[in-house]
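For this chain, numbers begin at 1 and follow the sequence in order.
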Amino acid sequence: MKEALMTTPPMDAADIAASLRADMVRELREMDAVTSESVAAALATVPRHLFALGEPLEAAYAANSALVVKRDASGLALSSLSAAHIQAVMLEQAEIERGMRVLEIGSGGYNAALIQELVGAEGKVVSVDIDPDIVERARTCLKTAGYDHVEVVLADAENGVPEQAPYDRIIVTAGAWDIPPAWVDQLSKVGRIVVPLRVRGRTRTIAFDRSDDILVSRSYCLSDFVPMQGSGSFSEHIVQLAEGVVLQVDEEPQRFDVEALRQALDSPRLERWSGAAFDLPDELELFLLTNAPQVAILHASEEFVAQGRFAPSVTRGVPALISGGSFAYRTKRPNEETGGFESGVFAHGPEAEAVAAEYVELLRRWASDHRRRGAARIQYIPKTARTSLPYRGLISKRHGAVVVSWP
């Protein structure tokens with residue numbers, strides 16, 4: 001009598017999804033994006049693939065991949081399912097507890113489902129979006145996944161959802177240029193808002209706690225989000241110096257001597273080195289952008305780098321210090337004495353020596369005094385706040401000001 005062959009039954013789609021979900025959570029733990037058991041449990045429970053319609057399971061559960069949900073006629077992303085990595089980081093920043101009331105700015109469904117897991121049956125989750133297609137999609141996906149008790153509202157998120165206020169937490173899932181008064185007004189007296197806020201050409205997800213009538217940061221990290229639509233939308237200001245060379249400015253356009261800067265592009269390059277370590281480039285960049293008197297993000301094409309006219313840092317955008325018709329920007333070179341790399345400056349123009357010296361001093365000051373994670377203190381001060389504004393580190397916004405200090 002022949003022995004029966006033992007076979008392993010094939011996994012169905014639900015089993016595969018569960019396995020991939022577990023792998024995703026494991027990877028997020030290893031990346032330190034997930035640090036709490038509550039966030040890990042939510043990520044392990046919510047079926048992310050049910051919010052990634054038309055995508056392969058592997059793509060839905062990739063820890064570092066955002067998935068575009070809707071594009072405009074030109075192909076620009078209007079809405080996306082954020083990478084699980086940044087969603088986990090923001091939820092950890094929020095420190096959501098059971099029973100809380102949470103407002104999500106920008107709907108997609110998946111993040112709202114995660115929040116519902118965190119607040120439990122006794123909590124309340126409201127999600128608002130300006131796009132009727134996205135609202136309908138979020139409602140459908142939430143119902144399919146079993147989270148139809150999340151309230152999804154069609155409205156301009158600039159106004160929040162006052163009918164359900166106050167909120168213990170407000171989580172913004174779109175890139176914001178400013179913090180509108182409605183968000184502050186609808187936040188509870190001890191509430192927290194987690195917002196990807198655009199400051200000097202870069203977006204950082206900042207966790208702000210309310211302190212009387214201002215907001216004070218608890219943590220921040222570099223991020224990238226589809227920008228807000230509606231009343232809170234913003235446009236970058238681009239100053240073209242040459243074909244393939246631009247200055248990017250987010251706040252009100254600064255006055256540049258464009259013709260002189262164009263001439264500086266063709267001037268000899270001055271090179272100066274700081275003797276200071278190059279490390280934590282996102283932290284260094286925040287320091288430079290908030291401590292230089294006139295600064296913009298300098299972008300140049302790879303063609304200019306290949307010609308030897310610019311350092312590779314410009315292809316990703318780098319803070320440039322500008323003085324009249326001269327400018328300087330950061331670069332690096334290998335140097336074991338400074339821990340692997342050394343910060344330096346390339347400068348162009350008639351005042352290259354002076355602007356390079358000023359930039360080098362900033363590099364040295366950061367390396368000696370602020371070379372660590374989370375060194376900055378970021379405040380948001382609404383125009384209605386009864387607080388005097390400092391002179392240094394002040395970045396004006398439409399509804400208030402961002403103040404970045406370095407204790």
For this session: For I214 and P382, work out which heavy atoms get closest and say how close.
Result: CA-CD, 4.2 Å
Problem set entry | T205: which of V89, T173, I86 passes side chain to side chain contact (heavy atoms under 4.5 Å, CB included) | I86
Exercise. Judged by modelled atom types alone, do Q93 and S219 share a side-chain donor-acceptor pair under 3.5 Å?
Worked result: yes
For this session: Might you point out which heavy atoms bring A328 and V355 nearest each other, and give the distance in Å?
Result: CB-CG1, 3.9 Å
Exercise. Checking S274 side chain against V360 main chain: does a donor-acceptor pair fall under 3.5 Å?
Worked result: no
Problem set entry | Side chain to side chain, P334 and F341, heavy atoms closer than 4.5 Å | yes
For this session: Quick one: pull up CG in D133 and CG in L154 and give me the separation to the nearest 0.5 Å.
Result: 10.0 Å
Exercise. How long is the gap from CZ on R269 to OG1 on T331, to the nearest 0.5 Å?
Worked result: 7.5 Å
For this session: Please say whether more than 12 non-hydrogen atoms of neighbouring residues, nucleotides or ligands are located less than 6.0 Å from CD in Q307.
Result: yes
For this session: Mark yes or no: R309 above the aromatic ring of F304, with NZ or CZ under 6.0 Å from the six-membered ring centre and no more than 45 degrees from the axis.
Result: no
Exercise. Short question: side chain of E342, backbone of G275 - any donor-acceptor pair under 3.5 Å?
Worked result: yes
Exercise. Is any side-chain heavy atom of L28 less than 4.5 Å from a side-chain heavy atom of H85?
Worked result: yes
Exercise. For the residue pair D148 and K143, what are the closest heavy atoms and their distance?
Worked result: CB-CA, 3.9 Å
Problem set entry | With Y380, the side chain to side chain contact (heavy atoms under 4.5 Å, CB included) member among V195, D178, I193 | D178
Exercise. How close do S127 and G106 get, heavy atom to heavy atom, and via which atoms?
Worked result: OG-O, 4.1 Å
Problem set entry | Salt bridge R372-E283, side-chain N to carboxylate O under 4.0 Å | no
For this session: Check whether any side-chain heavy atom of W406 sits under 4.5 Å from a side-chain heavy atom of R365, and report yes or no.
Result: no
For this session: Output, in order, the C-alpha distance, side-chain angles, deciding distance and verdict of side-chain contact (heavy atoms from CB on, under 4.5 Å) for D279 and R371.
Result: CA-CA 8 Å; D279 194 13; R371 185 187 165 197; 3.4 Å; yes
Problem set entry | Over all atoms of both residues, closest heavy-atom pair of R210 and S188 | CD-O, 3.4 Å
Problem set entry | Nearest heavy-atom neighbours spanning H370 and A375 | O-CB, 3.7 Å
Exercise. Looking at residues at least two apart in the chain, or sitting in another chain, which of them share a ring pair (Phe, Tyr, Trp, His ring centres under 6.0 Å) with F278?
Worked result: none
Exercise. Just wondering, do N111 and L91 contact through their side chains at under 4.5 Å, heavy atoms?
Worked result: yes
Seminar exercise, completed: So OG of S19 and CG of L57: to nearest 0.5 Å the spacing works out to 10.5 Å
For this session: State whether the side chain of R200 and the backbone N or O of L289 hold a donor-acceptor pair below 3.5 Å, judged by distance alone.
Result: yes
Exercise. By side-chain hydrogen bond (donor to acceptor under 3.5 Å, both in side chains), which residues pair with T35, not counting sequence neighbours?
Worked result: E92
Exercise. Near E361 CD, under 6.0 Å, is it more than 12 heavy atoms from other residues, nucleotides or ligands?
Worked result: yes
For this session: Apply side-chain contact (heavy atoms from CB on, under 4.5 Å) to R386 and D213, showing your working.
Result: CA-CA 7 Å; R386 300 177 300 277; D213 52 359; 3.8 Å; yes
Exercise. So W273 and F346, would you call those rings parallel, tilted or perpendicular, with 30° and 60° as cut-offs?
Worked result: perpendicular
Problem set entry | Heavy-atom side-chain proximity of R137 to L53 below 4.5 angstrom | yes
For this session: Enter the distance from L321:CG to E358:CD here, rounded to the nearest 0.5 Å.
Result: 4.5 Å
Exercise. Quick one: which of R377, R218, K189, R169 gives a salt bridge (charged side-chain N to carboxylate O under 4.0 Å, His left out) with D209?
Worked result: R218
For this session: Please step through side-chain contact (heavy atoms from CB on, under 4.5 Å) for the pair L284 and R330, ending with a clear verdict.
Result: CA-CA 10 Å; L284 170 58; R330 176 196 58 72; 3.6 Å; yes
For this session: Answer yes or no: is there a donor N or O on one side and an acceptor on the other, between the side chain of Y61 and the main chain of R48, under 3.5 Å?
Result: yes
Problem set entry | side-chain contact (heavy atoms from CB on, under 4.5 Å) between C141 and Y110, intermediate numbers included | CA-CA 8 Å; C141 291; Y110 175 65; over 6 Å; no
Exercise. Are any of the side-chain heavy atoms of L197 and F208 separated by less than 4.5 Å?
Worked result: yes
Exercise. Is the closest side-chain heavy-atom distance between L142 and F51 below 4.5 Å?
Worked result: yes
For this session: Spell out, as yes or no, whether a donor-acceptor pair under 3.5 Å connects the side chain of W177 to the backbone of P227.
Result: no
Exercise. Does atom CG of D224 have more than 12 heavy-atom neighbours from other groups under 6.0 Å away?
Worked result: no
Problem set entry | E117 side chain to T45 side chain, donor-acceptor N/O pair below 3.5 angstrom | no
Exercise. Atom CD1 in I105, atom CE in M228: separation rounded to 0.5 Å?
Worked result: 6.5 Å
Problem set entry | Backbone N/O of R398 and side chain of K383: donor-acceptor pair under 3.5 Å | yes
Problem set entry | E353 side chain to A347 backbone, donor-acceptor under 3.5 Å | no
Exercise. Hey, does the side chain of Y220 reach the backbone of A376 with a donor-acceptor pair shorter than 3.5 angstrom?
Worked result: yes
Exercise. Any donor and acceptor pair, going by atom type alone, linking the side chain of D168 with main-chain N or O of R101 inside 3.5 Å?
Worked result: yes
Exercise. Just how far is it from atom CD1 of I171 to atom CD of Q87, taken to the nearest 0.5 Å?
Worked result: 10.0 Å
Problem set entry | Salt-bridge criterion met for K124 and E151 (N-O under 4.0 Å) | yes
For this session: Kindly indicate whether the side chain of L363, heavy atoms from C-beta on, has any atom under 4.5 Å from the side chain of Y359.
Result: yes
Problem set entry | Within 6.0 angstrom of E243 CD, more than 12 heavy atoms from elsewhere | no
Exercise. So, H237 side chain and V249 main chain: donor-acceptor pair closer than 3.5 Å or not?
Worked result: no
